[in-house]
Every structure is written in C-alpha cells, then in structure tokens.
Amino acid sequence: MKVSYFPGCTLRTKARDLDLLSRRCAEALGVTLEEIDDWQCCGGVFTTARDEIATKLSSVRALKAAKAKDQMLVTVCSACHNVIKQTNHAMQTDSDFALRVNNYMNIGDPENQPYYGETKVLHFLELLRDVVGFERVQAAVKNPLTGRRIGAYYGCLLLRPGKTMAMDDVENPSIIEDFLRALGAEPVIYAMRNECCGGYITLEDKGLAAKKSSAVLADAKSAGAEAVITACPLCKYNLEKNGGGEVPVIYFTELLAEALGIKED
Amino acid sequence: MQRIGVFVCHCGTNIAGTVDVKAVAEALKSEPGVVVSREYQYMCSQAGQDLIREDIRENKLTGIVVCSCSPRMHEATFRKTAASAGINPYMVEIANIREQVSWVHKDMAQGTEKAIILGRAAIAKVNLNTPLTPGETPVTKRALVIGGGIAGIQTALDIADAGFEVDIVEKQPTIGGKMAQLDKTFPTLDCAACILTPKMVDVAQHEKIRIFSYSEVESIGGFVGNFEVTIRKKARYVKEEICTGCGLCTEMCPQKKVPNEFNLGMDNRRAVYIPFAQAVPKVATIDADYCTMLKSGKCGVCSKVCTAGAIDYKQKDELISEKYGAIVAATGFNPISMDKFDEFAYSQSKDVITSLEYERLMNAAGPTGGKLLRPSDGEHPHTIVFVQCVGSRCEACAEKGKEYCSKICCMYTAKHAMLTRDKYPDTDVYVFYIDVRTPGKNFDEFYRRAVEEYGVHYIKGMVGKVVPEGGKLKVQASDMLANKQLHIDADLVVLAAAIEPDKSARPLATMLTASMDTNDFFTEAHPKLRPVESPTAGVFLSGACQGPKDIPETVSQAGAAAAKVIGLLAKDKLTGNPCVASSDELMCNGCSSCEKVCPYGAITYIDKEFRMPDRSTRIRRVAQVNPAVCQGCGCCTVACPSGAMNLRGFANDQIMAEVDAICK
Amino acid sequence: MATEKQNEMRREQILRSSGVNPRKCMKCGKCSGTCPAYDEMEWHPHQFVQMVADGDIEPLLKSDSIYKCLTCFACVDRCPRGVEPAKLVEAVRLSVIREQGANHMKPDDIPAMLDEDLPQQLLVSALRKYAK
C-alpha cells in the first residue's frame, strides 16, 4: 500500500538515517512512503493560540496534499507528527480557525477546495501498530533482538495532548513497548519515559535541558535499560548532548532495520 | 355542567403583594361553571378550609379551584378539605399563583393578569374532571435487601426487628462488605471488625433473616407490594448446611497461588477458602477458576479431609423464586481503577498503593499481620506520602476519573496519617490536599489532631509525578502556600482513589426500573424530602449506592430505608394513585411505543379478542397498564401515535382545555 | 504602565487566543506539581491561571517565565479540571513577542549557538517560540 509521507526538516539534514531507514523498513513491510511534493517545514512546535493562523498553513498544505491523493499522512519525526496532528484536529474542531485557514488557502486559488481535517494522520509507530500490525512486524523479523533490554522514550510530543494525539494512554503508554516486544527485545518500563527532555530550551538554557535529560537517562539506567529509543531528533540531541551519556540513545527505526535484517543494505 | 367554586389565597403578602387578589376573584366569577368566587388571607388555615367546606355545601359545588401556592405544598390539604365536605378529592385543582406568579413577577398588573389566566386554565380543567377512585393491592410482607455490607446488614436487622421477614442477597461468599476490610473507623477509631462482626452474627442468628450468600439477583418482576424475584445461588461446591466452617480444607488445599481478593491481592489464598475468620456464613467456597479438581478432575484433597462430607464437586447453580413487598438496593461502592493515573506510578511500583490497600496493611488480619511493611521488600517505610483526590473532582477526565467529591477520603486519610504517626513515631507523613473537607460531628477536630498532636505534614498542593528509582519513590509535588515545588524521597505512596458505585448497580437498576444518575448512583425520589426512596414505588436505597457515604451516614440511611420498608409492609393493602395511564383498547394499534418509553415497566401487551362490526371476532394485540406500577408520568400518552393512551386526571382533552383557556 | 483599559483588552485577548477559562481552576496545584520547568520560573503555572483571572498581567509580560515553559503539555493532560495552563502561558508569550521589536531571540544570535549535531528542528522550534 501507499501512504503520503512528510519527512520534515531534520530528516533531510541531520537525521538522514532516520528518513532512510524508515523508507526501507516500510518498504520491507509492504508500505511505500510517498513523499509529498514541495512540503514545507512544520515549524517544529505547535502554537496553541487559536488566533495563530499563518504558522499552521504549511501543515494544512501537507494535509491537503495527502487528501488529494486520498492517502493517510505518515510522519516519523515526533515533532512533525505533533504539529500536523494538532493542526488537523484544530481544522476538525475549531470552525473559526478552519474558516480563516481556508480563506488563506483561497488566495490566488479560487478553485481551492476547503479542508476540514479529513486526512488521517499517523505516526510511523501507529502505522506499524494499526495498519501493518505488530504481529506482521514480528513475523518479518529476521534477527530477533533477544535479550536486549531497551527503554522506550516517548517524551512529550508523541503522546500529548492526549485527547488530540489519541495515540496511547498518556500516563501508561505501551505502543513502543509492544513494538520492542515484536522485535524480540525486552522493554524496560521507567517512569520518566513520558517526561520532557527539555526540548528547545537547550538553545538558551543548557542547564535546564541538562537537568531534564539527565533525569530521564538516570531513570532509564536505574530501571536497567541498556539503550533508549526515540522517534524525535531533538529528544535524541538533548539526551545525548545534555543527558550525561550513561545510556546510548538511538532511533527506533535503527532497531527495526536491524531486526528486519536490512540495516546495512 | 359542573358547579365550581374559586378560592383565591392572599398567602399574607406573599401573593397579595404582587397580585390583586380581589381582581382575580372578581374576574374568575364569570368563567363557565363558576358559581362562587372569593378571596381569603390564608386558605390553608383552619378558617380558610372551613370557608371552602361551607361553600361546597351551601352552593352544592361539584368541583373547586384554589388559586394559591404550588400543588406540591397544599394540594393534599385541599383535597382532604373537599373530601370532608363530600366531593371527590380529584375534583380539586390548584392554580399556582405564588411560585409561578407572585414570586417571579414584580409588576402588579402583569402578575394579576397572569394569575387570572392560570385560574381560568384550572377552571377549564375542572369542567372536564371526573371523580377518581384509587385502587387497592395486597402487600407481601417480606423484604429483599440486595447487598450485604453494613448498609444492607443494618437495613435487614431493622426490618427484621420490626417483625418482618427479610432476605439478604450477597454476591460474595460472606456478608460484611467493605467495612469488614477496614482496620479502624473514624472519628472514634474503634476497630471496624469489633463493631461490625457482632452485627453480622445478629444477622446470621435472626429468625426473620435469611442470607443468600454467593448469590445474585437474576430477574425482578411485579410491582410495589408484589415483586417476584429470581435469585441465582451460585455453586460454591460446598454443602452450606453441612459445612462446619472448621477450615481444614482451606489449610490442606494444594492450590496455594490464588490472589486473595479480601486483601486486595496483596497475599494469596487457597482455591477453597473462607474469606476471613469472622465470615458469615462461615462456610467454605471453592473457587472454580483455580480448583484443580473442577478444572481437570485430578485432586480431591478437600473432599478427603472434610470430616463432615460437605464438599460437592457436582453442585450446580440453583434458582430460587420468591415474592417480596419491598426491595432495598444496598449495592455499595468500589475504589476506581488507578490504571489511568500512572503519573503516580501505581502500575510501576508495588509501593504505590490505594488507601484500601493501606487499610489491609494496617490490619492485624491483613497480609503483614498488621505491621506496616512495604509491599516490595517488606521493609519498614519511613517517609509516607498520601495523595488526596486521585480521580475525584476530576471534570476533565470523564473516561478516567469522577467529577464528584468522594466525600470519605479526607477523613480516612487523616485517620491513616494519624494512626501511622501514633504507631510509628519514626515516620514522616505527608498529606497532599486540594481542600480538607471535614463536615461531620467531631470530624474537623479529628483532622486537627492529626496535624497538631501527631505532627502530620498537611501540604496544600498536588503531587504531579512519582518516579520509582533506586528503591525510593521520588515524589514531585507543589506546595502552593510556600510557592515551592517539593521533591520528596518517599518509601510508600498512598493514593486516595475516588469511589464509584459497584458495577452490579447498573444492571440491577434496569431490572428494578429504578433511575440512576450519570455516575450510576441510584437517584432518590426527592434529594431532600425523600432521600431513601427510589422514584420507583417499593424500591428503597441504602448506603453508598445512592452517593458516597461514610459509615455513620450509611447506618443512618440504612435505618431510614428500613423505616420506610416497615411503613410499607405494615399495610395490608396499598392505595394507589388513581392518576395513572389507561389505554383505550379500541384505539390501540399495538405498536409498542408506550411500552418502550415507560420507565417503570408498567405496560404490557396482551392478545385480546374483539367483536368486529360484522359480528366476527378478531384477536388484536393491545396495551394494558398495570395501575399499581404506573407512576403517572405521562410518557406513554406523548409517545402513543393513535391517542389511545390517556392519563387519568390529566387526560388529553383536559390538557388541551387548559391550553385553550390560557391562549384565549 | 498600561492603562486599566489596555490591561483589560490584553486580558481578553489572552483568554480568547488561548481558549482557556481560568474559572474552571480549583486551585489544586497539580500543574505546578508536574511542571518540569518550575524551578526556573518566577511565576508558576497555577499563578499564570490565577493572575490572568485577576487581570494581574503586567508582571507576567515582564517575566522570563514565559520563555521557560517547555510546551510539554504535562499540565494540560494532568489538570483535573481541563484548564490547560500551558495554553495560557503561550498566549501571554505571544502577546509579548507579537509587538514590534519584542522578539526574544534574534536570527543574528543563532550562529554563536550552533554546534555540529544540533538538529534543524531545534532552531525552527526555538524561533517559533521566541520570535514572531
């Protein structure tokens, strides 16, 4: 099957592996990620203000592009996923916002079809769970990660706000743990897995970012994780740069590719 | 033609202050059927009633209209007045010119105009009224109490002491309910078992009480005074009448790994078990989910060791049918699941527990023999954090919490904190609260003692996150008064989980056709004036199934429910409300609309033979109303598409006449 | 000092833009109990709710606290009353940086902050949060 794909800024630059392995793994599982033409950066964070329009248009353009092809829109980066899903939710539920966005879209394009959040937005992990199915992922595993004790790092963007992201239980999530089990690894549950790494604050307050990131890794380590996995380049950067380096941080796709036996193609 | 008298009440200045009562009386004089119309200062007074009676006799009135306060207030009064003067009480109509006119209007002219209109409507209705006579039904002098916790126990004892037979249906193998699991009770700190178990024994020994333990209500039919109930007595694989409760089987059973629900899974029991030492009935029960003999046919140890020969692996569920005059719901409560509140790490650490689990940890008969030990490693905890309102007052999260205050948590948390400090002075005890709610006799004094004498740290704020790390629980919380974020390394975290009605309450309410609120608490007939009665006649409410309650309140309500049941069972016959629905069989088309909307299950359909105009006969399906069950709500009359359904005393033509009179 | 009228308009704009109804707050303090940036903030999440409700907005506008919120939405999901304090913090921050010349971070500052691993995502996020 084919789905629309929004790589995002970082997967094009610093996180090329994440992009490459996502495509390769998807292909191995029978899903083609079709990159949206001329996509624009999502902006990295969702501005919750209801009167903030322009900063959300790039997400709406991506959503419309997927709608035009009647496809789901899949993202890999947690941040893109958060921004696009929240924007889509606002298009569905905030009629005032949707009206203003559609008015913008009409400028210079009188043929423009209004958009009201029809596209389904999925994170790559949701694609694996809800479309491919973890049992099919498990069946495709060639090198099971037996005995590897891995901690899932959700951070904030994947899960919250819970009602909008609707991905998993915000306080006791299981999607990455189930993913790890499908790969044959042993998930390590630790309480800080859904706490913030510090996010963008690292640019102006390294100290705060260090406090947050190191608390996450310390907890993962004390719970017995030999590595933590993430879907977010910024989480990875923070945890590695500011987290004290006690536990390696890797993208979830790297483990997936390894288990599927396609990492070194 | 009716001869109608109109009586306009001043209600002191309550009505006369905003309504020109003389003008109203004058204007209504010329309405059709009116032969006399007058006003008086207090119609409900003895003098006022005498005046009405005199007029009825002198003017040979056939009906009266009283323009006064709400019919809820004095309709019954004026009906009695009319009856004593010789006219049918249902020939009385009230025009509510107080609550609906004088109290809501400021302008005299407007108020007067509206009062005249309401009076005119009532007169129009009386013109079409017919005398009504209530029917009578016999009463079965036996009560059913559903639920054997302290609420059910107290209700049953009070009814039985008045000389009526009572059956208790309890789904667990023993009565006792939640109270049997508690250690001490606030605010006097007497031991729960010491005050509960004598009552349990009283129940067992009372000649008027039967206990159906390990049983559930299967179906309920009938109506007030005449309920027909089927009870499913689940197979316990032990002959109840033979078992002596010696407990030998529970010691010899080789299946030792069954989570013990009485201790909330904090220790194990055997597959054959007696929940606790003071259980009533003190009879063993075999847990079919775990018994090797029942599952695979290989074992039989309990049967071999039982000297009484009470074990019966072939026992089957038994259905018992019984008739009751009244039913009391006493289905109780449970703490909600903590699954959705994992910011407190309940699923991640054994040392994060609920208050009910803490109760078992403090109890001498609990999994630790009453020593306060951490579930994870059996160590003595030094720093204990209590979190209040977990899932209570939670409006944003209907799918995980409850919008209401659970009412009992402030007090039991104060109790836990106080007892902990009393027994273990080496502990540091923190209580995080949003508000401390202690409105009860000696309650606030109790809470203040926890703070002032026992040195419990009460902190205004909420815990945001608990992280189990290195054998400790890192608690992050706010202290709003100090304007600080606190980080406490705790050994034990205790969550005051919200409480919710037992899951059996909803299906029971459906069987009873009793109404519930959105939280699945039973609704009372009137929140202030009829707090222990369901709106469904003959159904009464006892304990936390009606709303969160502590033990003192539960026991008072249980007694009140018993008093209402006794009042009902003391009657030989019940006088019904004649204002019930009735179906015109010739017009009924058998569509079932009325049956579907009836909240009381009062409507059934029968096949009835009708003679047709050509003298042939035909069987038609028609609605029939059971007047003893019908509460006169009128839903069916609205739903009926053919107009066959009518409410006596509020017939369609009467309502239309009122509307016409208002719109004239 | 802003006039009372300006202050009231600002308050209304913040409430409209955030969609937050501060009256729903029952002052339990869970937002502040859960906030990962609490110690770096002069005004804490529960105080934002209270102060906006009271119209006491000037101190918030002037405080660095508006740049310390990590937008992790923990307070949004854990608030028992659905008040969503993070949305209020965001609306106050926007109310500041939307004004002429009030950007908290300027593009010229960025080169000095770069290191070779720094993901682009961090720059766009920071610019979105700190500048209009």
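All figures in this text were calculated on a predicted structure; none of them were measured in a lab. Letters A, B, ... are given to chains in the order of the sequence lines, protein chains preceding strands, and every chain is numbered from 1.
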Under 4.5 Å from any heavy atom of chain A, what part of [X] do you find: side chain, backbone, both or neither?
X       : answer
E40(C)  : side chain
A74(C)  : both
D109(C) : neither
R16(C)  : backbone
L94(C)  : side chain
Y67(C)  : both
E116(C) : backbone
L118(C) : both

Please name the pair of heavy atoms, one in [X] and one in [Y], separated by the smallest distance, quoted to 0.1 Å.
X       : Y       : value
T202(A) : L122(C) : CG2-CD2, 3.4 Å
S125(C) : Y200(A) : CB-CB, 4.0 Å
L70(C)  : G198(A) : CD2-O, 3.2 Å
K14(A)  : P119(C) : CG-CA, 4.0 Å

- Note on the structure: Among residues 48-62 of chain A, residues within the sub-4.5 Å heavy-atom range of chain C, in order of number, are T48(A), A49(A), R50(A), D51(A), E52(A), T55(A)
- Task: Using heavy atoms and a sub-4.5 Å threshold, report which of residues 205-215 of chain A line up against chain C, by residue number.
- Result: D205(A), L208(A), K211(A), K212(A)
I'd like to know which of [options] tops the heavy-atom pair count under 4.5 Å against chain C.
options                           : answer
C42(A), A15(A), G43(A), G8(A)     : G43(A)
C41(A), C80(A), C196(A), C232(A)  : C196(A)
G199(A), C77(A), P233(A), G155(A) : P233(A)

Do [X] and [Y] make a side-chain contact, defined as non-hydrogen atoms from C-beta onward lying under 4.5 Å apart?
X       : Y       : answer
R78(C)  : E171(A) : yes
Q86(A)  : F73(C)  : yes
Y130(C) : E204(A) : yes
T47(A)  : E90(C)  : yes
T71(C)  : V45(A)  : no

- Name the region of K241(A), side chain, backbone, both or neither, that has any atom closer than 4.5 Å to a heavy atom of chain C. side chain
- Item | Neighbour count >12 (heavy atoms, 6.0 Å) for atom CG, D115(C) | yes
- Can you tell which of E84(C), Q13(C), R98(C) has the highest number of heavy-atom pairs within less than 4.5 Å of chain A? R98(C)
- Query: Does T10(A) use its side chain to pair, donor to acceptor, with the backbone of Q121(C) at less than 3.5 Å?
  - Reply: yes
